[in-house]
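The structure appears below as structure tokens.
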Amino acid sequence: MILKKLTLNPFAGIINKAIDFNSGLNIFLGANEAGKSTVVKSILALLFIKPASGKREKEIFKNYLPVGGGDTIKAVLEFSVNDADYSLNKSWGNNNTTELTLSDGTILAKYESIDKKIREFLQLSRLTYENVLVVNQNKLTSTIEDINNLEIRNDLTQILRTALFETGGVSVDKFKELIDNKESDYYNNWDRSANRPRGNKDFNDQWIKGNGLIVKSYYKYRELENDLKKIEEYEFKIDEYNRNITELTDICSKLSLFISGNKKTYEDSSKRELFESKAQNNKEQTKSVNEAVKNWPKIESDLEHQTTTKKNLDDKIKELNIQKIQALDIESKKYRADKYLRIRNLYVESDENNERLKTLTKVTADDVKKCNGIKRKIDNLSNKLEAQKLYAKISAKTDMAGKVTLGTEDAKQFSLLGGESQEEIANGRFIYENESMRIEVTSGNENIEDIINKLNAEKNEFDKLLKSFKIDSIESLDLLEETYKAQINTISNLKSRIKDELGEDTIEGLEIIYNDIQNTKVHRTSNELSEDILKLSNELAVLKEQIKVNNNLIANYTKEFLNKDSLIDKLVILKTEAIKLGEELSGLSPLPEGYSDSVSFIEQYNNSKTELDNKKDELSGKREELLDYEKNDPKKSQKDVDEDLRDAKKEFNKRIEEGDAILLIKETIINTLASAGDTYKPLQDAVNKYLNASMNIDNCDIKLDELNAKSLTRANKEIPVGLLSTGTKDLLGLILRLSMAEFYLKDNKGFLIMDDPLVNLDPQRQLKAVELIKEFSKEKQIIIMTCHPRHAELFNTNVMEL
């Protein structure tokens, strides 16, 4: 990871400040309290501190609050990884947020995903950065003392400190033993690949012995998780019982109130049902009588009009049927007249094609077959000659002339000047002749002369045959045959069409009908008349149905009421009965609101009584079930177990992180050192390389033995570390830090931050230290913080002021 830009707004004592970083050496100059430490702390906070509301995070947050007050701090870090740009944005306080913008513009907002991504980018643990790659001034001074005072403790923090910071000269075997023991303490019975206990043995089937810290903490939080699930199930079930009991109690109360409040109404409802039934019957009869009074005269009037209309429609349909018969006869004759015209045209067309046939050259299939046979013979003989090609090259020593005959071609004049040559290709025969000689060359065993004679004879026969038809190619002969055949087919087709069109008629009979129909006029077609007949028939059918319905209505009225005069008497009787029924109904208890008839009310009242009995039984059963289930009370509250579970999960995650740190130590340090041998020789070599470069003395080295920096050898003189000056110790501390950083960042593009590394060095050592730092910055990014302008000038590069 290479830092590119840091923006603080606000963070501790800095308000709205942006700081740019170069990929190599960066020198920042600022007075005390100018914010140098704040810049370093903000970078570490952005990379490693989670914006959260936990106790630890709150304590950290307090240290970074703006000096002028406020409840929020914000910082943005822009950086690159493998030449791809990223931006990390964090806010602590009243609104805790984390946001990582990836190189493709994608934004991550979930802290766990962002933290995982940052770990991938850094590739080293937080402790490595805090203790090795970010160096405060006091830590640089105490580097030698820290190594000499190292004690191996069982405490995990000390082990990480030993592995990641005070990397001295302990033997690989002893260091491996420490790491392996610590790995065993954490990972016994834990399957790292599956991220669960070995053999998939969960908390309900636990390993009994030899469990590591991770497995123990896993079983603890899984047991609490199961306890919490049981408590949640218990409390959910209790809540469910209480809800059911409350609901049933409310239902029973409402049903009891309904039953007691409507007892009198229920008793009157049987009488009401009888009276309402009579009243409904009276209402229906009154309606029927009123309809009869209103409709009877009208129906009789309609019947009289419908009967007259029916007679008119019958007469009209008869008249149209007569016209239709006449139209059909005329249409039949017109069809036959049209048929006559079509056939007459076919006769004319047939005569024209017979005349055209007389003008065509008659070519039969035999003629074509004969011509093709001769052509095949010519092709065969030509192919024979073609297959016996001759190649001749004539070279003239002196001028020469004569004639050349090639295959079946005619002889042609031939001449060459002295020194010239000419090549010729002939089919089967080559003849050269002049006044003094004749040279003939043939190929194969066959008589070439005979083949040539036969070929010429067949060609003559072929040309003679084509001339007899007045054409010059066999393709033209094929065309003549096709034309003649097509004309014969056309005439034959016309004869068939005439025969098919005539059928059983004769042309003479059709001609008589044609002449007869010329003076006949058609006013309406049979289709038009049929449509009118159909329309009137449909009207007649509807009218007959109406007449039938009206006759049935009159018959029903007569059967029920005898005549129109008795309707009034019936209506008076019904009205008197309705008044009496209304008086009887008004004396009964009214139906409750929402009920329109007694039947539905009685049904609801009886259903409510049955439902009340059932709900009381159900309520009693639920109360008994609740008392019985309460015996399973887990004794602990959900809140207590939930808090224990959060602590157990934190403990488990902590153990996982600690285990990951141990594995990282093992992978990044032990494996690296072991690959070079059984000791920390690679690190010691790196230290001595920087040491010799800074001292300008060959064979100047510091002994790292069993993780102790015991002595410095200089000019073959061994000096105990305890006797070294503070300046020398600081220089050695700087060398150790650069060596360790080089070791950690060997395959990484990373950064190293140092605070005032020159402060305790004399001028000569300062120059040496500057050379070491500048050399380191050629490969890695290094950020130097200082409050001394003179120190900044020594680096002879662009200095950024804070």
Side-chain angles (χ1 to χ4, degrees), residues 283-346 497 500-574:
K283 184 178 179 181
E284 291 174 356
Q285 288 188 51
T286 301
K287 180 181 178 182
S288 177
V289 171
N290 281 327
E291 288 178 350
V293 171
K294 178 181 177 182
N295 294 333
W296 199 332
K298 182 177 181 305
I299 292 172
E300 288 179 338
S301 174
D302 289 345
L303 271 173
E304 182 178 354
H305 174 71
Q306 289 166 352
T307 302
T308 302
T309 303
K310 176 179 176 298
K311 182 177 183 306
N312 292 336
L313 285 174
D314 284 333
D315 294 341
K316 185 64 175 175
I317 289 171
K318 288 178 182 177
E319 180 183 349
L320 289 174
N321 276 322
I322 293 172
Q323 294 177 14
K324 180 180 176 181
I325 292 170
Q326 294 172 348
L328 285 171
D329 180 62
I330 293 172
E331 288 170 359
S332 174
K333 289 180 179 179
K334 189 174 184 307
Y335 169 78
R336 294 165 77 82
D338 292 340
K339 182 178 179 180
Y340 166 75
L341 290 176
R342 291 196 305 274
I343 295 172
R344 188 178 67 180
N345 290 335
L346 289 174
R497 285 176 62 189
D500 292 340
E501 284 281 359
L502 277 173
E504 296 180 357
D505 292 325
T506 62
I507 189 67
E508 293 79 14
L510 292 175
E511 185 178 11
I512 293 171
I513 294 173
Y514 171 77
N515 293 328
D516 183 53
I517 198 67
Q518 296 304 309
N519 298 323
T520 303
K521 294 183 180 180
V522 180
H523 298 287
R524 299 185 71 195
T525 66
S526 60
N527 286 337
E528 292 173 341
L529 292 167
S530 295
E531 289 176 1
D532 288 348
I533 292 170
L534 178 61
K535 182 178 179 182
L536 293 175
S537 297
N538 290 335
E539 292 178 9
L540 181 62
V542 171
L543 186 61
K544 286 180 178 179
E545 188 62 30
Q546 292 173 347
I547 292 171
K548 180 179 177 182
V549 170
N550 286 332
N551 280 328
N552 289 336
L553 288 173
I554 295 295
N556 291 336
Y557 286 159
T558 302
K559 181 179 179 181
E560 185 175 358
F561 306 114
L562 297 177
N563 52 54
K564 287 181 282 188
D565 295 334
S566 63
L567 286 174
I568 304 301
D569 297 335
K570 180 70 173 177
L571 191 60
V572 171
I573 293 171
L574 289 171

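Worth saying up front: this structure is predicted, and the values here are computed from it rather than measured.
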Between K318 and D314, does any NZ, NE, NH1 or NH2 come within less than 4.0 Å of an OD or OE carboxylate oxygen? no

I'd like to know if R342 pairs up with D338 as an ion pair, taking the criterion as any Lys NZ or Arg NE/NH1/NH2 lying under 4.0 Å from an Asp or Glu carboxylate oxygen. no

Indicate yes or no: at least one non-hydrogen side-chain atom of [X] is less than 4.5 angstrom from one of [Y].
| X | Y | value |
| --- | --- | --- |
| K283 | L574 | no |
| T525 | E528 | yes |
| L341 | Y514 | yes |
| W296 | L553 | no |
| T286 | N290 | yes |
| K535 | N538 | no |
| K570 | Q285 | yes |
| K548 | N552 | yes |

To the nearest 0.5 Å, what is the distance between [atom1] ([X]) and [atom2] ([Y])?
| X | Y | atom1 | atom2 | value |
| --- | --- | --- | --- | --- |
| D302 | N295 | CG | CG | 9.5 Å |
| K324 | E531 | NZ | CD | 10.5 Å |
| I325 | L320 | CD1 | CG | 11.5 Å |
| N312 | L540 | CG | CG | 11.0 Å |
| T308 | L313 | OG1 | CG | 11.0 Å |
| S288 | Y557 | OG | OH | 7.0 Å |

Taking atom NZ as the centre, does K316 end up with more than 12 heavy-atom neighbours from other residues, nucleotides or ligands that are less than 6.0 angstrom away? no

Return yes if some donor-acceptor pair links the side-chain N/O of [X] with the main-chain N/O of [Y] below 3.5 Å, else return no.
| X | Y | value |
| --- | --- | --- |
| S332 | L328 | no |
| K339 | L502 | yes |
| S530 | S526 | yes |
| N551 | I547 | yes |
| S566 | N563 | yes |
| N515 | E511 | yes |

Would you name the heavy atoms of E501 and L346 that are closest together and state the gap between them? CG-CD1, 4.1 Å

Heavy atoms only: give me the nearest I517-K333 pair and the separation to one decimal. CD1-CB, 3.8 Å

